[in-house]
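The figures that follow rest on heavy atoms only: side chains count, while hydrogens, waters and symmetry mates do not. A note on names: the letters A, B, ... follow the listed sequences, proteins ahead of strands, and every chain is numbered from 1.
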Protein chains: 2
Amino acid sequence: MVAITIKDVAALAGVSVATASRVLSGNPATSPDSRARVAAAVTELDYRPNAQARALRSTRSDSIGLLVSDVRNPFFADLAHTVEQAALAAGYVTLLGNANERKEQQDRYLNTLISRRVDGIIVAPLGDGSGSIRSLITREIPTVFVDRTVDGLDIPSVTTDSEAGIRQAVEHLAAAGHTRIGYISGPQATSTGRDRFAAFTRAIAVAGLSQDPDLVYFGDYQAASGSAGVHALLQLREPPTALLAADSLMAVGAIAILHKLGRRIGADIALIAFDDIEWFALLNPALSVISHSVEEMGRIAVDMLLQVIDGGQPESVVLPSELIVRASSSTPTSPASGPSLRTN
Amino acid sequence: MVAITIKDVAALAGVSVATASRVLSGNPATSPDSRARVAAAVTELDYRPNAQARALRSTRSDSIGLLVSDVRNPFFADLAHTVEQAALAAGYVTLLGNANERKEQQDRYLNTLISRRVDGIIVAPLGDGSGSIRSLITREIPTVFVDRTVDGLDIPSVTTDSEAGIRQAVEHLAAAGHTRIGYISGPQATSTGRDRFAAFTRAIAVAGLSQDPDLVYFGDYQAASGSAGVHALLQLREPPTALLAADSLMAVGAIAILHKLGRRIGADIALIAFDDIEWFALLNPALSVISHSVEEMGRIAVDMLLQVIDGGQPESVVLPSELIVRASSSTPTSPASGPSLRTN
DNA sequence: CGTTTCCATGGAAACGATTCCATACAACAC
DNA sequence: GTGTTGTATGGAATCGTTTCCATGGAAACG
C-alpha cells in the first residue's frame with residue numbers, strides 16, 4: 001500500500017506543497033499554470049488526499065455519527081437510509097452504530113464517536129441524561145435527537161406526536177365496541193415508550209375503557225417481546241379483544257404468535273401497530289397502523305444537525321401521527337373484510 | 001468546544017507527553033506513580049484521545065467501510081447489523097454507505113472510503129471491475145466482497161450458492177405441475193442477478209419446462225420492479241402459473257400488485273422468493289422462500305476482512321441456499337392450505 | 001523612472017498523537 | 001570504587017495536511 005502524498009503531487013507538478021494544497025482546496029490564489037500542472041499530477045498519481053490529516057489540521061472530519069437501536073428495525077433502516085443520503089448530499093459520511101437498546105452499548109458508541117471527532121451526532125437516545133450523553137453536552141458536540149428525547153436536556157429533537165395517532169386508534173377501537181384493549185408497551189427507558197404509554201393511558205380513560213393494569217405488557221421493542229406480550233395478555237381471566245403494539249417489531253411478534261395460536265386477526269382479535277411499514281399493507285388481513293413519516297424525520301434531523309454545526313439553534317420539531325385503518329382492526333361484531341384497497 | 005489534548009493531561013499529571021502517551025497506550029515502560037497520576041488527570045479532564053491524530057501517526061484508522069445497495073432491503077439491514085456488531089467486537093467502527101444500485105454512487109463512496117483511509121472495506125459490488133473498484137486493488141486496500149462478486153478480480157468473497165436453492169424451487173414447482181414459471185430477475189450488472197438467472201435457466205431446461213424468453217422480466221432488486229414484472233408477465237398471451245422473484249423486495253412488489261389484482265397467491269398463482277425475511281412466514285399464505293444465512297455471511301465477511309488486514313489471503317466462501325416450502329407455492333391442482341406451521 | 005499595490009509562491013509552523021533516541025539514575029556484580 | 005545492566009523519562013521527529021507570513025516580481029500609478 002504505497003502512500004501517495006501531496007508532496008509527491010507537488011514534486012511531480014514542480015510546485016511547492018503549499019501551492020499544491022491551494023490548488024486542491026480551490027484557493028483562488030493560484031495561477032492557471034499551477035492549476036493545470038497539479039491537476040495533471042493528481043490524475044497521473046491517482047492521488048487521494050488523506051482525510052485524517054486534513055481533519056487533524058482543520059478540526060472538521062466531514063463525518064457524522066448516527067446511533068440507533070437496531071437497523072434491523074425497518075423504521076431505523078429507513079431512517080438510516082434517509083440520514084445517510086441527506087448527509088452525503090451535504091458532504092458528510094455517516095458512521096452507523098447499533099445500540100441494541102442497551103445503555104452501555106450506547107455509551108460505548110458515543111465515546112467512540114467523540115474520539116473520532118465527528119462533526120455531529122444524530123441519536124435515538126436511550127435512558128436518562130447520564131453517562132456519555134452528558135459528555136456530548138459539556139463538549140458542546142452538535143447533537144440532534146431523533147425519534148426519542150431525553151428529559152431535561154436542551155438538545156434539539158425531531159419526534160413524533162404519538163398522542164394524536166394513539167387517541168385515534170383507541171377511539172376507533174372503542175367505537176367498534178371494544179372495551180378491553182391490550183397494550184404492548186415499549187421500554188420505559190425510552191421517551192417513546194413512556195409517551196406512547198401515557199397517551200394510551202389517557203386515551204382509554206377519556207374513552208371510558210377498562211383501565212385494568214393487567215392489560216398492559218411492557219416489552220422491549222423487539223419481536224420476541226411482542227409474542228411474549230400476546231401470550232401474557234391472552235392468559236388473563238378476561239383477555240383483551242383488541243391489541244395495540246407500540247412498535248412494528250413487537251407487532252410482528254404478536255402476529256406470529258396469533259397465527260400460531262390460530263387466532264384470526266381482524267376477526268377473533270383486533271390489532272393495531274405503531275409505525276407503518278411498507279409490507280404491513282400486504283398482510284392478510286392488512287394491518288391497521290399509526291403512521292408517521294420516517295423520511296421526513298430523517299431529512300429534518302440532518303437539516304437541524306447542519307444548522308447546529310453552523311452554530312444555529314434550531315427549534316425542535318414534532319411531526320404528526322395518524323391512524324390508517326385497514327382490515328386488522330375490524331370490530332368484534334363486524335367480521336373481517338378482505339384486504340383493504342388502501343395501499344399508502 | 002474546548003479541545004483537551006494529551007498535553008493538558010501531561011501537564012496536569014506533571015509528566016511529559018511522551019510518558020502520558022505511554023501510559024495511555026499501555027506501554028509497560030511506565031512507573032506505577034506516573035500511571036496513577038496520568039489516570040487521575042484523564043478522568044479529571046474527561047480526556048478523549050483524538051482518533052484522527054492517532055490514525056495519522058499510526059496509519060490505522062480502526063474503521064471499516066461497509067457499502068451495500070440499500071439498507072432498507074432487509075437482507076442488507078441484517079447484514080449491516082451483523083457486520084457492525086462483529087466489527088465493533090474487533091475494535092472497528094463501521095462507515096455505512098448506500099450505493100442505491102448505482103455505479104456512480106458506488107464509485108463516489110469508494111473514493112470517500114479510500115480518502116478516509118479505512119482499514120478495510122466490505123462491499124456488495126455492482127458492475128464490472130472498472131471505476132474505483134480498480135483503485136482498491138492497485139492500492140492494495142483490504143477488501144472483501146459480500147453477497148456479490150466481480151468477475152476477474154482476485155478479491156476474497158462470501159457468497160451464496162444460488163444454484164441449489166433455485167433448482168429445488170423449480171423442481172418443486174415442476175413437481176406440482178407448473179410448466180410455465182415466470183422469473184423476475186435481478187439486474188444483470190450484479191453477479192447475483194446473473195448467477196440466479198443462469199441457475200434458473202439451467203433448472204427449467206433440466207426440468208423440461210417452458211423456456212419462453214418472455215417469461216423472464218429483468219428488474220432492479222427494488223419493490224417497484226417486482227410489481228412491474230408481475231404486471232408484464234400477467235399480460236402474456238400464456239401467462240405463467242408460478243413466479244420466482246430473485247430477491248425479497250421484488251417479491252414484496254409482486255405480492256402488492258397480486259393483492260391489488262385480486263390474484264390469490266398459493267391458489268391462483270404460486271410465488272417463491274429468494275431471500276428469507278422473518279415476516280415472510282407471517283404472510284397469509286406464508287411465503288415459500290429460498291433461504292440463506294445472512295448472519296453467517298456477515299460474520300464470515302468480517303472474519304475474512306480481519307484476516308486480509310493482517311496480511312492473510314483467506315479463501316472465498318460459498319454458503320448454501322435451500323428451499324423452504326410454505327403455503328405460497330401450493331400447486332394449481334391442490335388448493336392453498338392454511339398458514340404453514342414451519343416458522344424457521 | 002521610482003514607488004506602491006497586487007498576486008502567486010514557497011518556507012515553516014501548526015494540528016495531536018506515537019515512538020525513536022538519548023539521558024539520568026538506581027541497582028547490581030566485579 | 002568502577003563498570004555494566006536495566007528502567008523510567010523527556011526531547012524531538014514524524015505522520016499529511018492547511019495556512020500564516022514573508023518574498024519576489026509584475027503591473028499600475030504618480
Assess whether a salt bridge exists between [X] and [Y], defined as any Lys/Arg side-chain N lying under 4.0 Å from an Asp/Glu carboxylate O.
X         : Y         : result
Arg72(A)  : Glu84(B)  : no
Glu140(B) : Arg134(B) : no
Asp46(A)  : Arg48(A)  : yes

**OP:** Please report the closest heavy-atom contact between Pro125(A) and Ile133(A), naming both atoms and the distance.
**Re:** CB-CD1, 4.2 Å
How many whole angstroms separate atom [atom1] of [X] from atom [atom2] of [N]?
X         : N       : atom1 : atom2 : value
Arg48(A)  : dC15(D) : CZ    : C1'   : 20 Å
Tyr47(A)  : dG16(D) : OH    : P     : 10 Å
Asp8(B)   : dA17(C) : CG    : C1'   : 13 Å
Lys7(B)   : dG10(D) : NZ    : P     : 15 Å
Arg117(A) : dC15(C) : CZ    : C1'   : 11 Å

**OP:** Could you please spell out the steps behind the side-chain contact (heavy atoms from CB on, under 4.5 Å) verdict for Gln222(A) and Asp70(A)?
**Re:** CA-CA 9 Å; Gln222(A) 314 270 24; Asp70(A) 192 338; 4.2 Å; yes
**OP:** Take Tyr47(A) and Thr5(A) through the side-chain hydrogen bond (donor to acceptor under 3.5 Å, both in side chains) test and state the conclusion after the steps.
**Re:** CA-CA 7 Å; Tyr47(A) 165 74; Thr5(A) 75; over 6 Å; no
Original post:
Are side-chain N/O atoms of Thr190(B) and Arg148(B) paired as donor and acceptor at under 3.5 Å?
Top reply: no
Subject >> Base-paired stems that DNA chain D participates in, counting runs of 3 or more Watson-Crick or G-U pairs under 3.5 Å >> reply: C:1-30 with D:1-30
**OP:** For side-chain contact (heavy atoms from CB on, under 4.5 Å), just list the numbers for Gln52(A) and Ser61(B), CA-CA rounded to whole Å, side-chain angles, deciding distance to a tenth of an Å, and then say yes or no.
**Re:** CA-CA 8 Å; Gln52(A) 320 273 9; Ser61(B) 65; 3.2 Å; yes
**OP:** Name every residue in residues 15-44 of chain A that has at least one heavy atom under 4.0 Å from any atom of DNA chain D, in order of residue number, or write none if there are no such residues.
**Re:** Ala18(A), Ser21(A), Arg22(A)
**OP:** Identify, residue by residue, the members of residues 50-64 of chain B with a heavy atom below 4.0 Å from DNA chain D, and return them in order of residue number, or none.
**Re:** Leu56(B), Arg57(B)
Subject >> CA sep, side-chain torsions, deciding dist, call: Leu305(A), Ile64(A), side-chain contact (heavy atoms from CB on, under 4.5 Å) >> reply: CA-CA 9 Å; Leu305(A) 186 62; Ile64(A) 66 167; 3.9 Å; yes
**OP:** List the steps, then state whether side-chain contact (heavy atoms from CB on, under 4.5 Å) holds for Ile155(A) with Val150(A).
**Re:** CA-CA 8 Å; Ile155(A) 299 240; Val150(A) 171; over 6 Å; no
Subject >> Backbone of Gln188(B) reached by a side-chain donor or acceptor of Arg194(B) within 3.5 Å >> reply: yes
